[in-house]
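Here the structure comes first, spelled out in structure tokens, and everything after it is commentary.
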Amino acid sequence: MTYTSSLLRLLDERGYIHQLTDAEGLDKLAAGQVVPGYIGFDATAPSLHVGSLVQIMLLRRLQQAGHKPVVLMGGGTTRIGDPTGRDESRKMLSDEAIEANIASIRTIFARLLHFGDGPTDAIMVNNHDWLGQLGYIELLQKVGTHFTVNRMLSFDSVRLRLEREQPMTFLEFNYMILQGYDFRHLARSAGVRLQMGGSDQWGNIVNGIELTRRMDGQEVYGLTTPLLTTADGGKMGKTAAGAVWLNDDALPAYDFWQYWRNTDDRDVGKFLRLFTDVPLDEIARLEALGGSEINAAKVVLANEVTRLCRGEAAAAAAEATASATFAGGGLGQDLPALALPAAGLSLVDALVGIGFAASRGEAKRLIAGGGAKVDGEAVTDETAHIVGGSEVRLSAGKKKHGILRPA
RNA sequence: GGACAGGUGGCCGAGUGGUUAAAGGCAGCAGACUGUAAAUCUGCCCGCGCAAGCGUACGCUAGUUCGAAUCUAGCCCUGUCCA
């Protein structure tokens, strides 16, 4: 359908919309007033990773279209764990750890959203503030009466778990009730009218909408984004080294830049639309590039995403390093580095020390397989020694490069 | 509380006394081909050691045995059914 509100038009043309609970209703609302909308985030780690970036960008779009982003930190629900898609119950975190995580995660939102007291300024809330107050009996009375177990059992998050004969605790089973309550609470206390989230959150969002309608007679809306996978079928944001973290201190900017630079050809256009502010006509031009020319589009993607998440300077430095290292065959200053003692260093120790191999055995296998290079030359002798005294370029495979600097 | 089934390497999943550091698959790493892409083919894939080898590992603990992932007992956890 064609939307009249700038919000839905923007979201639609950049590929954020998977499902809407009431497209017409929301379109009308968004065309006529500032719509506060929220997305919930977990506080299980000190940083969010690339898998959450669609949601963060969605809040950014909301603000760009003149509405109000509400970042909901799951300080309360993190103490429970969302059963969705997980085979195992989540570990419980201490209150202090959760608070510290929220503070750390806040820094990434500060880069991508404008916070403040104005009508379209972003705000951050923590559901521990209201869920923590709730008494069990009170919750059962107020909220429990609006849920039937029959229906709860039919939700994918529960059903799949049962079908796979994976355990699900009562604690987790309650997650959806608390999630639904969040929406109703935010609708009442902050005038929130929209909840967004990944497609796996559909059931939770619908629950919240119904609960809000039943308890308060208030009409609220839901929107989900498509499940993002890479073109080769993998999950977004996972690499060998682990998750691609958004926070500066969780992953070096150069590695973050490289993650985007190595995007599959087929994903370039999609990622540019979702993760950058590059205008659509420019994206259309970039994704039409054929053959190796598409690499130029990948550089734009890497630069833009890094700029948004890590800042202008970090993006420029990462690009300069990549350019010097790959195109120039030289050394960029942002590469991982290791001190090289005057007496030199064994190749094995150098590979382990700089982080290209997790153990000495792995380093030896890398060497034996022909993947270790010193100053661009493959070295296949496990006992090779690197002499000290001058700067050395150390590589593992074609993509991982580092510098050994005389100490 | 009872009966039955099950708990194996990052994941899935074989393995029922020695030749098992444990088949196979996925994921991952490297090589070839390329464009820092994909697909494909090849090699690698617990740790330490130059090596012979040593250490650690099949839910936990104690046993049987020359020898246990494999047998026994107790315990913990999960599922299904019964109460």
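Note on naming: letters A, B, ... go to the chains in the order of the sequence lines (proteins, then strands), and numbering restarts at 1 for each one.
With rounding to whole Å, A:N295 atom CG is found 12 Å from B:rA38 atom C1'. The interatomic distance linking A:R360 (CZ) with B:rC45 (C1') rounds to 18 Å, in whole Å.
Looking only at atom types and distance, the side chain of A:R261 has no donor-acceptor partner in the side chain of A:Q258 under 3.5 Å away.
B:rG53 and B:rG10: their C1' atoms are spaced 28 Å apart (whole Å). Look at the C1' atom in both B:rA30 and B:rC60: the space between them is 39 Å, to the nearest Å. Taking atom C1' on both B:rU72 and B:rU56, the two are 25 Å apart, rounded to the nearest angstrom.
Mapping A:E382 and A:I294 onto RNA chain B by nearest heavy atom places A:I294 closer to the 5' end of the strand. Taking for each of A:G370 and A:G361 the nucleotide of RNA chain B with the nearest heavy atom, the 5'-most of the two is the partner of A:G370.
The phosphate of B:rG31 has OP1 or OP2 within less than 4.0 Å of a side-chain N or O from A:K373. Under 4.0 angstrom from either OP1 or OP2 of B:rU36 there lies no side-chain N or O belonging to A:K400. Contact between the side-chain N/O atoms of A:R365 and the OP1/OP2 oxygens of B:rG28 is not found at any separation under 4.0 Å.
A donor-acceptor pair under 3.5 Å links the side-chain atoms of A:T224 to the main chain of A:Q19, judged by distance alone. Remark: the backbone N or O of A:R111 is not paired with any side-chain donor or acceptor of A:H114 at under 3.5 angstrom.
Residue A:W257 is in base contact, counting any heavy-atom pair closer than 4.0 Å across all strands shown. Residue-level contact check: A:Q258 touches the bases, meaning some heavy atom is under 4.0 Å from a base atom. At the heavy-atom level, A:S359 lies under 4.0 Å from the strands shown only through sugar-phosphate atoms.
Looking at the side chain of A:R266, the nearest of the listed nucleotides B:rC45, B:rA30, B:rA38 is B:rA38. Looking at the side chain of A:K398, the nearest of the listed nucleotides B:rU34, B:rC45, B:rG49 is B:rU34.
Atoms CZ and CD, on A:R360 and A:E382 in that order, are 10.0 Å from each other to the nearest 0.5 Å.
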